[in-house]
There are 2 protein chains.
Amino acid sequence: MATRRGDTLCFSHPPILASWAAVGGKKEGEGPLAAAFDALYPDNRMGQSGWEAAEVQLFVRAARLCMKKAKITEKQVSLVLAGDLQAQCTASSYALRELGLPFAGVFGACSTMAETLGLGACLCSAGLADGLLALTGSHFCAAERQFRTPLSYGAVRTPTAQWTATAAGACLLRPAGEGVGIHAVTFGRVQDYGVKDINNMGAAMAPAAAATLLRYFADTGTAPEDFDAIYTGDLGQVGSGLFRELMTAEGVVMKNHQDCGCLLYDTEQQTVKSGGSGPGCSAAVLCGYILPRLERGRARRVLFLATGALMSQTTFLQKESIPAIAHLVELRSPGC
Amino acid sequence: MATRRGDTLCFSHPPILASWAAVGGKKEGEGPLAAAFDALYPDNRMGQSGWEAAEVQLFVRAARLCMKKAKITEKQVSLVLAGDLQAQCTASSYALRELGLPFAGVFGACSTMAETLGLGACLCSAGLADGLLALTGSHFCAAERQFRTPLSYGAVRTPTAQWTATAAGACLLRPAGEGVGIHAVTFGRVQDYGVKDINNMGAAMAPAAAATLLRYFADTGTAPEDFDAIYTGDLGQVGSGLFRELMTAEGVVMKNHQDCGCLLYDTEQQTVKSGGSGPGCSAAVLCGYILPRLERGRARRVLFLATGALMSQTTFLQKESIPAIAHLVELRSPGC
């Protein structure tokens, strides 16, 4: 069960993350977190007929690896919460066609992993799911033609642009037991500072990250120094700078902030411009880097604050500004 | 709290629907349920610059009318679960930008109202939300250019095609109190019988409706005669026929079945071909017709089984078949 404090739910008996898995593509396998992945594809086509089908493959593989690591079969999963960036979330739906499990689709763009963990933690803590899979990912090539232009156009990328990760992450949640605990959840509110540049998503999302984090601090009476690290995902370098500026303007200095979009790639060497993005970015960094650190006790209490830009190519062409959202989960190492 | 029986969650203390509102467009105001709407727009542009923006307007109006009918302000809503058919669910996100409430986006295509009610009931019954809005809708003109062709092309519609409703529905859920109760929820599993015809969504969705309903009957030991009515949404006439055939083949005769897609319009007179569709269709029929019947005791126990086709224009052009899902909620009149 949970106690409500403002927009934040605090779990007295925290649900736990029993297992997790991260799967990535070629560029992810060339980056600083290569060793963190459970599986890497050397070819982003992954033996499929198209980029969208390759993304489905990423989801299925992440889900199956996660179940395998938890030593469970599909019969022990009560519900899957999954979402993605493709129009009508088809990566998730086609993956769930293959997995054949009870499924509730979510949409939170790049914030999806935090959203599924948040909803999943609520459902588990209430005894509504014994084993719940939180699943998301993205594919660079599918996202480029979904939101910008097909790759073969060879469009030049701006310095503020981010690189959609070809990656997926899956987490298995349980009501109780041994594992990393989900101690609190804050669902975000949509923020829109009028940014219209689809090649500067970090600027569009930074206000959402700041708004949710400030609300969480106010709801729980905490401050940055109460945490070993505060991970945003995925503001990139431009968005991270803006986020820290917004927090400083509110009197909160962020010394222990890291961004999943800056962790996944070597932003100097890998030509990803401002950094990584896409639901797969924060999902893979969570499953490959953050959760193992918590499991091994290298960090004891962290915040995972995934951000999503909620526009489409249609609203972009209609010259609408980009609304954004950020959802937060508080994670603690086992027994903490 | 709830008890799990197979894929079905049964609530010992059922969360309730405290209020609801339905908003519709021009054709909906000319149909048999015209009097059931809380508000009708005579012009589907609704004073907005485009069809997508008009859809946002429908969502905002439905949400505000629902809160007004419950005599609450926005401060008394802990969370909104909303989703829609636009790519990247932008109708919901832009509506939530206007409403400014904590928001978790969902995607279930035309099954969205049952999905939000199901997830919302779980969250409420666990004490995780005091007031929760379940919100969805659709707009004919936005959906046509999203999934088929822009209206100005004047494409001919096939007899199996369905008409996406220009409508939205909003429900306010509470953990307990006076109202229509949500007694059980079954989240569906994706079904795909290989249908590839985007103008025959009823055929694609009928197997999903049958699969979820059969699972609910098996989980709860019930049969059709235990209910005053079983509402599918939105199979249309073609899909409803196929659904009843599939059920008959499993030995279940559906005498009390009605379909939201056949209730919303006069399928003889209104040139909607097989019937209505879109998340707004089942949402509006629920809020305008089914819930008032339960409230007044004209029905005591019903099943609301909303179906969704989970393809996109991309997967259609890639010649993928159409996966579908159906989510079910069991509703009972106050005190039942």
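Proteins get letters first, then strands, A, B, ... in listed order; numbering begins at 1 in each.
- With respect to chain B, the highest number of heavy-atom pairs below 4.5 Å among Thr90(A), Leu85(A), Thr112(A) belongs to Thr90(A).
- Contact annotation for Gln86(B): only backbone heavy atoms (N, CA, C, O) come within less than 4.5 Å of a heavy atom of chain A.
- Contact of Leu99(B) with chain A is not made at all, since no heavy-atom distance falls under 4.5 Å.
- Chain A forms the most heavy-atom pairs under 4.5 Å with one residue out of Ala109(B), Ala126(B), Ser92(B), and that residue is Ala126(B).
- Using a 4.5 Å cut-off between non-hydrogen atoms, the part of residues 127-134 of chain B that approaches chain A consists of Gly127(B), Leu128(B), Ala129(B), Asp130(B).
- Interface remark: Leu79(B) contributes side-chain atoms only to the contact with chain A (heavy atom separation under 4.5 Å).
- One finds the OH atom of Tyr94(A) at 8.0 Å from the CG atom of Leu310(B) (value rounded to the nearest 0.5 Å).
- Judged by distance alone, the side chains of Gln313(A) and Gln88(B) never bring a donor and an acceptor atom under 3.5 Å apart.
- Residues of residues 115-125 of chain B placed with any heavy atom under 4.5 Å of a heavy atom in chain A are listed by number as Glu115(B), Leu119(B), Cys122(B), Leu123(B).
- The parts of Arg97(A) that come within reach of chain B are both its backbone and its side chain, each placing non-hydrogen atoms under 4.5 angstrom from that chain.
- For the pair Ala87(B) and Ala87(A), the tightest heavy-atom approach, listed with the atom from each and the gap, is CB-CB, 3.7 Å.
- In terms of heavy-atom pairs under 4.5 angstrom with chain B, the leader among Arg215(A), Glu52(A), Arg189(A) is Arg189(A).
- When heavy atoms are compared at a cutoff of 4.5 Å, Arg145(A) approaches chain B solely by way of its side chain, counted from C-beta outward.
- Interface residue Leu9(B): only side-chain heavy atoms are found under 4.5 Å from chain A.
- Across Leu101(B), Thr314(B), Val185(B), Leu81(B), the residue that shares the most heavy-atom pairs under 4.5 angstrom with chain A is Leu101(B).
- Interface summary for chain B: among Pro102(A), Ala104(A), Ser49(A), Ala2(A), the most heavy-atom pairs under 4.5 angstrom belong to Pro102(A).
- Residues Arg4(A) and Ser78(B) are in side-chain contact: their nearest non-hydrogen atoms beyond the backbone lie under 4.5 Å apart.
- Residues of residues 318-327 of chain B lying under 4.5 angstrom from chain A, judged on non-hydrogen atoms, are Gln318(B), Glu320(B), Ser321(B), Ile322(B), Pro323(B), Ile325(B), His327(B) in numerical order.
- The ring pair (Phe, Tyr, Trp, His ring centres under 6.0 Å) pairs that include a residue from residues 96-151 of chain A are Trp51(A)-His139(A), Phe140(A)-Trp163(A), where partners are two or more places apart or lie in different chains.
- Within the model, atoms OG of Ser93(B) and CE of Met311(A) stand 10.5 Å from one another, a figure rounded to the nearest 0.5 Å.
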